[in-house]
Number of protein chains: 2
Amino acid sequence: MDATPEILGELSLFEGLSPERLVVLAERCRISSVNKGEHVFRAGDPGNGLYAVVSGLVRIYRGSPGGKEQVLHFIEPGEPFGEVAVFQGDAFPADAQAMVPSQVLFMSRRDFLDLARQDPEITLQMLARLSLRLRRFVHQVAELSLKEVPARLAAYLLKELEEQGSNPLTLPMSKGQLASFLGTIQETLSRSLKRLEGQGLIVVKGREIGVLDLSALQSVAEQGR
Amino acid sequence: MDATPEILGELSLFEGLSPERLVVLAERCRISSVNKGEHVFRAGDPGNGLYAVVSGLVRIYRGSPGGKEQVLHFIEPGEPFGEVAVFQGDAFPADAQAMVPSQVLFMSRRDFLDLARQDPEITLQMLARLSLRLRRFVHQVAELSLKEVPARLAAYLLKELEEQGSNPLTLPMSKGQLASFLGTIQETLSRSLKRLEGQGLIVVKGREIGVLDLSALQSVAEQGR
DNA sequence: CGGTCTCTTGAATACCTTCAAAGTAGGTGG
DNA sequence: CCACCTACTTTGAAGGTATTCAAGAGACCG
């Protein structure tokens, strides 16, 4: 399916572009539908362009031979993914899989580089975007290496609490997926949740989690045991 | 100390710039000396510009309240660091410390952005650079989460073997630092080395490591136990 | 109401860290 | 050249945390 200027305008990637430019770009982008569980690309695939999520949700992850998976990030509508292969190297470093039925936009490397040369602001925006991602990775590496699972979980809950703004917060994914994002497995996450609950810091009810003791949770997040 | 055009020309950051441009830039950059162990910046410091290593060696790391440290990367002469704070956010996300007496160059955010606007190629280079760093982080997160210490160590040794090209390879840092880079501690690294040695895969002699069984080492690196 | 996917729980195990102590190496001053 | 200091490294024993394996409970959907 072809992309339309309206759709492109919704993507943060193309923020600030003139309507005329969007019309031109629309001809060069393709939108495709992917089913739940289907892969947009796999680690090692040649990266001939970049993608963006139009609707749905995509997760980027790496798998191990033993079957364990580590989620690197979740891509929400409007956000691009697979940019790294455009600027550096040729193969995608990870797998991209739709978590729900999704629509993704594709733009070839050539078309994107042309765009970048015509619109330097796009390049600066991309720098800001990659920098943010780097910052998140720094955080993720530090968390994995320096904190134990309950601390990582507590930090995650605090982040979600802040972002959602409502107190019984709702996990945006299955607990299995969350475990994989936090660098652990389902069983361990389950036990950690139960432990925090037993300490009276939270209440768990399905995907709803109520925070009872904010400061204690913060102390756990900073490895306060 | 002021920077000179000759010094700037050596930095990969400024690769491809005209000599005239380098002269102008030299006036805006400052070079300072840092002693071994001294910090160039600390996590949380406001990031008003970017740095590059002129000579010496700088490590970027995060510490935990418990005292453990995770090295994120080592910066060698010619390479920039602290760029993330220039494009996104304001505070440095990690600590930067000289491992040996070093000289580092500083360029203010404003001066760098001016340069980027005048020389779009610099921006594209920076994108390639950040993309490479992202790729490395993807790798680091996956290794930390999916592999055990012996596998991470084996993968590291294979990488060094390839880069150095000589068979008794030489560790470029202390084993304590290596441990911190691999996401573990000195004692565990020591035991892992001994284990690989006991299996006849390598020979360890101080910082020299000879690889005896390449394919077996590769199999360990891929979690072949 | 059966089937499937998600989640929980228990027991055993593996891996890594902690703590403590001793050994090694390199550099400096006597 | 030797003695000594310091930083780095190794080693052992004990403990803690996370994973594995296996089974059962719960939730959702057709």
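Just so we're on the same page: letters track the sequence lines, and every chain starts at 1.
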Could you check how far CD of A:Glu148 sits from P of D:dT19, rounded to whole Å? 11 Å

Close N or O pairs between protein and nucleotides 9-13 of chain C (under 3.5 Å):
from: C:dT9; atom 1: OP1; to: A:Lys194; atom 2: NZ; distance (Å): 2.6
from: C:dT9; atom 1: OP2; to: A:Lys194; atom 2: NZ; distance (Å): 2.8
from: C:dG10; atom 1: N7; to: A:Arg191; atom 2: NH1; distance (Å): 3.0
from: C:dG10; atom 1: O6; to: A:Arg191; atom 2: NH2; distance (Å): 3.1
from: C:dA11; atom 1: N6; to: A:Arg191; atom 2: NH2; distance (Å): 3.4

Length of the line joining A:Lys68:NZ and D:dT19:P, which is rounded to integer Å: 5 Å

Rounded to whole Å, please give me the gap between CD1 in A:Ile185 and C1' in D:dT19. 5 Å

For B:Asp45, check side-chain contact (heavy atoms from CB on, under 4.5 Å) against everything at least two apart and list the hits. B:Phe41, B:Arg42, B:Phe92

Heavy atoms, side chains only, cut-off 4.5 Å: are B:Leu130 and A:Ser131 in contact? yes

Here the distance between atom C1' of D:dT17 and atom CZ of A:Arg152, to the nearest Å, is 11 Å

Within 6.0 Å of CD in B:Glu162, more than 12 heavy atoms from elsewhere: no

A:Arg136 atom CZ, over 12 foreign heavy atoms within 6.0 Å: no

Does any part of the side chain of B:Ser102, heavy atoms only, come nearer than 4.5 Å to the side chain of B:Lys36, both counted from C-beta? no

Counting C-beta onward and ignoring hydrogens, is there a side-chain heavy-atom pair between B:Arg62 and A:Val138 closer than 4.5 Å? yes

For A:Arg129 and A:Ser12, does a side-chain donor sit closer than 3.5 Å to a side-chain acceptor? yes

Integer-rounded Å distance: C:dC16 P and B:Lys147 NZ: 13 Å

Counting only non-hydrogen atoms, which of residues 170-179 of chain A are less than 4.0 Å from DNA chain C? A:Ser174, A:Lys175, A:Gly176

Just the rounded figure in Å: distance from C1' of D:dT10 to CZ of B:Arg195. 17 Å

Within a 6.0 Å radius of atom CD on A:Glu38, are there more than 12 heavy atoms belonging to other residues, nucleotides or ligands? yes

Can you confirm whether A:Lys175 sits close enough to A:Ser190 that some side-chain heavy atom of one is under 4.5 Å from a side-chain heavy atom of the other? no

Here's a test for you: under side chain to side chain contact (heavy atoms under 4.5 Å, CB included), which of A:Val203, A:Leu161, A:Leu157 qualifies with A:Ile209? A:Leu157

Under-3.5 Å N/O pairs linking protein and nucleotides 28-30 of chain D:
none

Which donor-acceptor pairs under 3.5 Å do side chains of residues 66-89 of chain B form with protein atoms, sequence neighbours excluded?
from: B:Lys68; atom 1: NZ; to: A:Ser145; atom 2: O; distance (Å): 3.1
from: B:Glu69; atom 1: OE1; to: B:Arg59; atom 2: NH1; distance (Å): 3.1
from: B:Glu69; atom 1: OE1; to: B:Arg59; atom 2: NH2; distance (Å): 3.0
from: B:Gln70; atom 1: OE1; to: A:Ser145; atom 2: OG; distance (Å): 2.6
from: B:Gln70; atom 1: NE2; to: B:Ser180; atom 2: O; distance (Å): 3.4
from: B:Gln70; atom 1: NE2; to: B:Phe181; atom 2: O; distance (Å): 3.2
from: B:Glu83; atom 1: OE1; to: B:Arg133; atom 2: NH1; distance (Å): 2.9
from: B:Glu83; atom 1: OE2; to: B:Arg133; atom 2: NH1; distance (Å): 3.1
from: B:Gln88; atom 1: OE1; to: A:Arg135; atom 2: NE; distance (Å): 2.9

Taking atom P of C:dA25 as reference, at what distance in whole Å does atom CD of B:Glu208 sit? 14 Å

Rounded to whole angstrom units, what separation is found between the CG atom of A:Leu144 and the C1' atom of D:dA18? 13 Å

Minimum heavy-atom separation for A:Leu8 to A:Cys29, with atom names? CD2-SG, 4.3 Å

Over the length of the helix from C:dC1-D:dG30 to C:dG30-D:dC1, how much do the five-pair end axes diverge, rounded to 10 degrees? 30°

Check the angle between the aromatic planes of A:Tyr51 and A:Phe106 and answer parallel, tilted or perpendicular using the 30° and 60° thresholds. tilted

